[in-house]
Q: 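One structure is given below, represented as structure tokens, and several questions about it will come after.
Just so you know, these numbers use all the heavy atoms, side chains as well, and skip hydrogens, waters and symmetry mates.
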Amino acid sequence: MDYKKCASEILEAIGGKDNLASAAHCATRLRLVIADNSKASKQKLENIDGVKGVFEASGQLQIIIGTGTVNKVYDEFIGLAGIEAATKDEVKAAAAAKSPWYKRSIKTLGDIFVPIIPAIVATGLLNGLLGGLGRAFPQLADSQFFGLLNLFSNAALVFLPILIAVSAAKIFGGNIYLGAVIGMIMIHPDLINAWNVGSGAETSTIWSWFGLWNIQNTGYQGHVIPVVIAVLVMCKIEKWLHKRVHETFDLFVTPLLSVLITGFLAMTIIGPIFSQVETWVLTGAKALIAIPFGIGAFIMGGVYAPTVVAGVHHMYNAIELAMIAENGQNTWMPIATAANVAQGAAALAVAFKTRKQKVKSLALPASLSAFMGITEPAIFGVNIRFVKPLIAGMIGGAIGAAVASVMKVYATANGVTGIFGFLITTPTFLGYLLTFVIASVIAFAISYMIYKDPEDAQPETAPIADKVFEEGFIYSALKGTAVAMDQVPDETFAANVLGIGVAVAPEDTKVVAPSDGVVSTLFDTHHAIGLTLDDGTELLIHIGINTVELKGEGYEAHISEGERFKRGQTLITFNKALIEEKGYNTITPVIITNPDDFAKIEKAADGKVDFLDKLISIEK
């Protein structure tokens with residue numbers, strides 16, 4: 001790859017360096033924040049040699065280039081743009097600053113919950129495995145060892161408010177240990193455990209607002225939002241005090257007042273109010289899923305992918321954690337899995353059906369990623385780009401989610417979907433398997449039926465309306481200058497070792513079908529193609545000399561092996577300037593490879609030839 005050329009074209013396609021706010025890269029992608037999205041052309045970006053896909057996520061324009069090359073393109077890119085290299089976190093911060101307030105709020109929730117997901121996954125996996133073993137071997141459930149492991153399996157849920165408090169304090173810029181204290185206060189052993197209260201345990205009043213509002217001595221085990229709000233308030237108070245308390249007393253006064261004020265507010269105002277709000281949200285979510293015949297789940301499975309596109313799917317973490325904390329059953333996760341694998345299956349159908357190698361090379365790994373639970377490459381790189389696969393995925397996701405609801409599928413943790421989700425759905429393994437299969441099969445079938453490669457930017461066919469085609473001639477597949485084969489700077493072609501024909505020094509960048517026929521051979525590098533015409537003529541069109549060494553760089557096939565074509569149809573396009581820049585001659589031999597079937601083969605053109613002009617005279 002010409003890294004500098006690729007970087008230059010990317011910079012031009014996003015609207016120039018004046019439209020660039022920040023840039024970083026990860027293992028496979030350029031991550032750009034641009035000032036005005038309307039000035040960037042995704043179509044131009046997607047057509048750049050070396051770019052495998054483009055999508056927008058979390059306020060960033062992400063350009064897929066590939067492992068081992070993205071860093072080299074990035075080095076050229078920041079040099080051309082005249083900016084300093086940024087980290088991924090700095091780019092994320094720049095992107096977040098441009099987002100609307102509601103998206104920033106939802107992203108904040110995601111930033112809080114994502115770091116603690118490994119802890120939930122670890123204990124959730126263990127919980128699911130123990131549940132399966134306990135049902136398979138009842139005697140094992142009564143053993144001391146099983147009891148010890150069971151203690152491990154619910155530790156993260158028992159102390160979930162502390163995990164959330166620590167993570168929230170870090171995100172809000174406060175002292176994480178003070179945040180942990182707030183979490184501890186809200187589940188202190190002197191309070192009645194919230195789960196016990198739910199089972200009927202009696203409580204007593206620990207505070208009364210003038211006899212109008214009585215605060216009960218109930219803990220906040222299993223609650224999420226009240227803890228986040230309480231820590232947010234604590235961080236605000238702590239920062240305010242740091243600015244106003246003299247440094248001599250800051251170490252003592254600020255922590256004391258931060259915990260004292262926040263603890264009081266958390267137990268008397270924040271906790272009671274926001275726990276009720278959280279209960280309403282959870283009740284609403286569960287009621288939606290519980291609508292008879294899976295109708296609610298059907299709706300959520302269908303709209304899940306658009307919420308990923310909108311960047312608001314992080315809000316589901318709070319719902320899932322609350323479900324797990326309440327009864328250990330996350331019924332939201334199977335809906336997410338149905339939606340995710342359906343998008344992966346829709347992208348997989350594109351990979352199977354497309355004739356474009358560039359689309360295939362992006363769609364296949366993106367689909368596999370979605371089956372593992374990471375859907376952004378499939379959604380942004382493939383499905384939303386072509387729209388129809390996105391719709392197919394939404395339909396498959398909706399139906400799969402409905403199946404999950406009817407079969408009462410649930411998970412014992414969150415943060416994992418797709419194939420790895422089988423590990424946390426052991427109590428409902430068969431239902432999860434059916435959900436997975438139905439969502440995938442339906443999405444794949446619909447996507448395969450309705451997807452069609454978009455038309456190429458160049459005409460699909462050469463103009464033939466004013467042409468008169470006679471028998472006894474092979475017509476030119478290229479526009480350029482006809483050259484006798486002995487003038488080709490390659491001994492194999494010049495000596496007619498591969499067959500007899502005529503070469504064309506091209507002036508255009510495409511190869512069209514000289515007549516109706518079938519593609520008999522398409523080289524993996526797309527620098528050469530073998531055709532069998534309907535009259536029995538076998539042709540080899542070799543674009544350039546020694547260009548197999550380019551390994552496909554600069555070439556794109558618009559047809560596949562075994563496929564029929566019509567006269568004038570575009571077969572291959574190539575980057576003439578790039579090939580010549582790499583030091584290769586683009587002269588193109590057009591060779592009849594079955595010359596023994598003909599009595600005479602002669603050159604029929606001198607000098608300039610247009611597409612579908614007479615090139616070779618033949619006589620059977």
Q: When you look at NZ of K5, are more than 12 heavy atoms from neighbouring residues, nucleotides or ligands closer to it than 6.0 Å?
A: yes

Q: Run the salt bridge (Lys or Arg N to Asp or Glu O under 4.0 Å) check on K72 and E76 step by step: do they pass?
A: CA-CA 7 Å; K72 297 174 182 177; E76 297 288 354; over 6 Å; no

Q: Is there a side-chain contact between Y74 and I65 (heavy atoms, below 4.5 Å)?
A: no

Q: Between R29 (side chain) and H25 (backbone), is there a donor-acceptor pair under 3.5 Å?
A: no

Q: In Å, rounded to the nearest 0.5 Å, how long is the span from CD1 of I419 to CZ of F371?
A: 7.5 Å

Q: Parallel, tilted or perpendicular, judged at 30° and 60°: which one describes the rings of F429 and F422?
A: tilted

Q: I'd like to know if the side chain of S369 reaches the main chain of P365, judged simply by a donor and an acceptor atom lying under 3.5 Å from each other, with no hydrogens or angles considered.
A: no

Q: Could you tell me whether a side-chain N or O of N217 sits under 3.5 Å from a main-chain N or O of I206, the two making a donor and an acceptor?
A: no

Q: Taking G418's backbone N and O only, do any of them form a donor-acceptor pair with N340's side chain (distance below 3.5 Å, no angle check)?
A: no

Q: With sequence neighbours excluded, give me every salt bridge (Lys or Arg N to Asp or Glu O under 4.0 Å) pair touching residues 260-271.
A: none

Q: Which value, rounded to the nearest 0.5 Å, describes the distance between M333 atom CE and M323 atom CE?
A: 13.0 Å

Q: With a sphere of 6.0 Å drawn around NZ of K42, does it hold more than 12 non-hydrogen atoms of other residues, nucleotides or ligands?
A: yes

Q: Would you find a donor on one side and an acceptor on the other, under 3.5 Å apart, between the side chain of Y432 and the backbone of Y410?
A: no

Q: With a 4.5 Å heavy-atom cut-off, do T428 and K408 have their side chains touching?
A: no

Q: Counting only N and O atoms by type, is there a donor-acceptor contact under 3.5 Å from the side chain of Q62 to the main-chain atoms of R31?
A: no

Q: Between S167 (side chain only) and L163 (backbone N and O only), is there a donor and an acceptor less than 3.5 Å apart?
A: no

Q: For residues Y3 and T69, is any side-chain donor paired with an opposing acceptor at under 3.5 Å?
A: no

Q: Does a donor on one side chain and an acceptor on the other come within less than 3.5 Å for T205 and N214?
A: no

Q: Tabulate below the donor-acceptor pairs under 3.5 Å that side-chain atoms of residues 249-268 make, not counting sequence neighbours, or state none.
A:
{"unit_1": "D250", "atom_1": "OD1", "unit_2": "H242", "atom_2": "ND1", "d": "3.1"}
{"unit_1": "D250", "atom_1": "OD1", "unit_2": "T254", "atom_2": "OG1", "d": "2.5"}
{"unit_1": "D250", "atom_1": "OD2", "unit_2": "H242", "atom_2": "ND1", "d": "2.9"}
{"unit_1": "T254", "atom_1": "OG1", "unit_2": "D250", "atom_2": "O", "d": "3.4"}
{"unit_1": "S258", "atom_1": "OG", "unit_2": "T254", "atom_2": "O", "d": "2.7"}
{"unit_1": "T262", "atom_1": "OG1", "unit_2": "S258", "atom_2": "O", "d": "2.7"}
{"unit_1": "T268", "atom_1": "OG1", "unit_2": "F264", "atom_2": "O", "d": "2.6"}

Q: Got a donor-acceptor contact below 3.5 angstrom from the S143 side chain to the F146 backbone?
A: yes

Q: Closer than 4.0 angstrom, basic N to acidic O: yes or no for R385 and E46?
A: yes

Q: Show your reasoning for whether side-chain contact (heavy atoms from CB on, under 4.5 Å) applies to F77 and I14.
A: CA-CA 12 Å; F77 182 82; I14 66 168; 4.0 Å; yes

Q: Would you say the side chain of I225 lies within less than 4.5 Å of the side chain of V277, judging by non-hydrogen atoms?
A: no

Q: Check for a donor-acceptor pair, side chain of N383 on one end and backbone N or O of G393 on the other, with a separation under 3.5 Å.
A: no

Q: Does any N or O in the side chain of N19 come within less than 3.5 Å of the main-chain N or O of D36, such that one atom is a donor and the other an acceptor?
A: yes

Q: Using side-chain heavy atoms (C-beta onward) and a distance below 4.5 Å, is L45 in contact with S41?
A: no

Q: Hey, could you give me the CE/OG1 distance between M186 and T218, rounded to the nearest 0.5 Å?
A: 11.5 Å

Q: Show, in sequence, the C-alpha distance, side-chain angles and deciding distance for V54 and I64, and conclude whether the side-chain contact (heavy atoms from CB on, under 4.5 Å) test is met.
A: CA-CA 6 Å; V54 181; I64 303 170; over 6 Å; no

Q: Under the side-chain contact (heavy atoms from CB on, under 4.5 Å) criterion, do I289 and M300 qualify, and how do the steps go?
A: CA-CA 8 Å; I289 297 174; M300 283 311 306; 5.6 Å; no

